[in-house]
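Step one of this worksheet: look at the structure below.
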Number of protein chains: 2
Amino acid sequence: MALIPDKTIGRLSLYRRILGRLLAERRTHVHSHDLAALSGGTAAQVRRDFMTVGYTGSPARGYDVQGLVKIIDEMLDGPDVQPIGLVGVGNLGRAVLTFFSGRRPNLKIVAAFDDDPDKVGRLIGGCPVHWVNEVERVVREARIRIGVVAVPAEVAQKVADLLVAGGVRGILNFAPVALRVPRNVYVEDLDVTMSMEKVAYYARMGSAAGQEERRDEG
Amino acid sequence: MALIPDKTIGRLSLYRRILGRLLAERRTHVHSHDLAALSGGTAAQVRRDFMTVGYTGSPARGYDVQGLVKIIDEMLDGPDVQPIGLVGVGNLGRAVLTFFSGRRPNLKIVAAFDDDPDKVGRLIGGCPVHWVNEVERVVREARIRIGVVAVPAEVAQKVADLLVAGGVRGILNFAPVALRVPRNVYVEDLDVTMSMEKVAYYARMGSAAGQEERRDEG
DNA sequence: ATCGCGTTGTGAAATAAATCACAGTGTGAT
DNA sequence: ATCACACTGTGATTTATTTCACAACGCGAT
């Protein structure tokens, strides 16, 4: 159990949410093509993904839903809940904060930071807002390993540096700049503007070229 | 000028913003390795991207910044501003709304929709909020070709159907479900939970494996 | 029991994307 | 005027990811 492609990690997260819904419907088994339809992929890809994580189904019944959830949990979640720190309580930061409160039990935003005196000291989405110059201290003391950068592009690098100094190992970056971080820190960029411009491009060009659209409708 | 890889489209959007900053600094030329450093890619990739869009620089001075911006504009933007419709004025929807107001001149969110009586009729981020059952009519009348889905997963498919019925050709989807749309509609998914879980995974595993981190420091 | 069908697991092939590496070129220094 | 250097443009190569395609399997029907 070693090298799992980056793309597969993403899909596992997706599968898990789908499987959660199936579980709520009391489904005990799924076939690869069911998950393919639900996740927007292909059956072969679903099977390949489960092969790479070493989960095996039965040709007759398909995959056991609970078993799948269990192995994905083991894969993606750590043994205990991972605390997250979020910097930038603007519109976007607040959206992420409220969106995440209580959503994934294993991931919890435990500290937020901002430089606006009106926000510091308050509780937003059940999460205390600290002064931004406390990032390093709080991150270190709370053993936060995951940071969210939701500040304007101009200050994103500075914030990332603070997070890294505090000991963060992974950053979810909403700012449209390439963060420079040490090699052992992982950065995932989520660039809304870029995604919007991609959509605009394909909407204009007639999306025939777009690779994203595998689904069709009756 | 025909087939441009999906990934390249995304990077062009990124380059354009970087070039905008350079322009503001009165820089007239850039080298591929400058853009590589600024965008978090490699010099070879930058050159390849410009090759695929058919822009050519000079070995001595590099690429002309204005020329690049111009060709990227031609590539990504249409001749006139493209109106956008956004459904779901929750935390996320509001964040996108305010974030986009006046940011990209060629993309303008002209209509928002919600089912909350407290929101309908108001102006949020300079954008009127309509009743959600007017999506199809308003989209058609305003000739909106781009839709943003920022509603809970349970109703995302329904909303997508309305947008498509109104004539939308591309959708930016924040809901964590695979939307089923006709083949000629492009869907770009932006899944915050998935991205967060990827970060959590690599933060836990020691990101040695992560592909994202090309940048280093010090 | 036995057969047939639909599904899994997976090597092999295809496709997509990134990187290498180097010839060609123009500029500034001498 | 000539030279050396740094950079571009790009064919070739490598690497990553997806898809194909088929053997193996086990259940349900007969």
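Proteins get letters first, then strands, A, B, ... in listed order; numbering begins at 1 in each.
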Write down the protein N/O and nucleotide N/O pairs, taken from nucleotides 7-9 of chain D, whose separation is under 3.5 Å; answer none if there are no such pairs.
residue, atom, partner, partner atom, Å
dC7(D), O4', Pro59(B), O, 3.2
dC7(D), O3', His31(B), ND1, 3.2
dT8(D), OP1, Ser32(B), N, 2.9
dT8(D), OP2, Ser32(B), OG, 2.6
dG9(D), OP1, Thr56(B), OG1, 2.1
dG9(D), OP1, Gly57(B), N, 2.5
dG9(D), OP1, Gly57(B), O, 3.3
dG9(D), OP2, Tyr63(B), OH, 2.7
dG9(D), N7, Arg47(B), NE, 3.0
dG9(D), O6, Arg47(B), NH2, 3.0

Return each pair, listed once, that meets side-chain hydrogen bond (donor to acceptor under 3.5 Å, both in side chains) where at least one residue sits in residues 94-103 of chain B; pairs must be two or more places apart or across chains. Asn91(A)-Thr98(B)
For Asp64(A) and dT7(C), what is the distance between atoms CG and P respectively, to the nearest whole Å? 17 Å
Suppose we screen for side-chain contact (heavy atoms from CB on, under 4.5 Å). Which residues come up paired with Val138(B), at least two apart in sequence or across chains? Ala111(B), Phe113(B), His130(B), Glu134(B)
Quick one: Gln45(B) CD to dA16(C) P, roughly how many Å, whole number? 17 Å
Please enumerate all residues that pass side-chain hydrogen bond (donor to acceptor under 3.5 Å, both in side chains) together with Gln82(A), with sequence neighbours excluded. none
Using five base pairs at each end to define the local axes, how bent is the helix from dA1(C)-dT30(D) to dT30(C)-dA1(D), to the nearest 10°? 10°
Could you tell me the separation between the CG atom of Asp49(A) and the P atom of dT8(C), rounded to a whole number of Å? 13 Å
Counterpart residues, side-chain contact (heavy atoms from CB on, under 4.5 Å), relative to Arg145(B) (two or more places apart): Arg169(B)
Considering residues at least two apart in sequence or located in another chain, which fulfil the side-chain contact (heavy atoms from CB on, under 4.5 Å) criterion with Ala153(A)? Pro176(A), Val177(A)
Atom pair distance, as rounded to whole Å: CG in Asp6(B) and P in dA18(C): 10 Å
Residues forming a salt bridge (charged side-chain N to carboxylate O under 4.0 Å, His left out) with Lys70(A), sequence neighbours excluded: Glu74(A)
By the side-chain hydrogen bond (donor to acceptor under 3.5 Å, both in side chains) test, which pairs, at least two apart or in different chains, include something from residues 57-69 of chain A? none
N/O contacts under 3.5 Å, protein versus nucleotides 12-15 of chain D?
residue, atom, partner, partner atom, Å
dA12(D), N6, Arg48(B), NH2, 3.2

Please enumerate all residues that pass side-chain hydrogen bond (donor to acceptor under 3.5 Å, both in side chains) together with Arg204(B), with sequence neighbours excluded. none
Distance in angstrom units between Arg11(A) CZ and dA16(D) C1', rounded: 12 Å
Rounded interatomic separation in angstrom, taking NZ from Lys7(B) and C1' from dA16(C): 8 Å
When rounded to whole Å, the CD1 to C1' distance for the pair Ile4(A) and dT17(D) reads 15 Å
Would you call the rings of Phe50(A) and Tyr55(A) parallel, tilted or perpendicular, taking 30° and 60° as the class edges? perpendicular
Who are the side-chain contact (heavy atoms from CB on, under 4.5 Å) partners of Glu154(B), not counting sequence neighbours? Pro152(B)
Close side-chain approach of Thr193(B) and Arg17(A), heavy atoms under 4.5 Å: yes
Starting at atom CG of Leu3(B), determine the distance to atom C1' of dA17(C), rounded to an integer number of angstrom. 13 Å
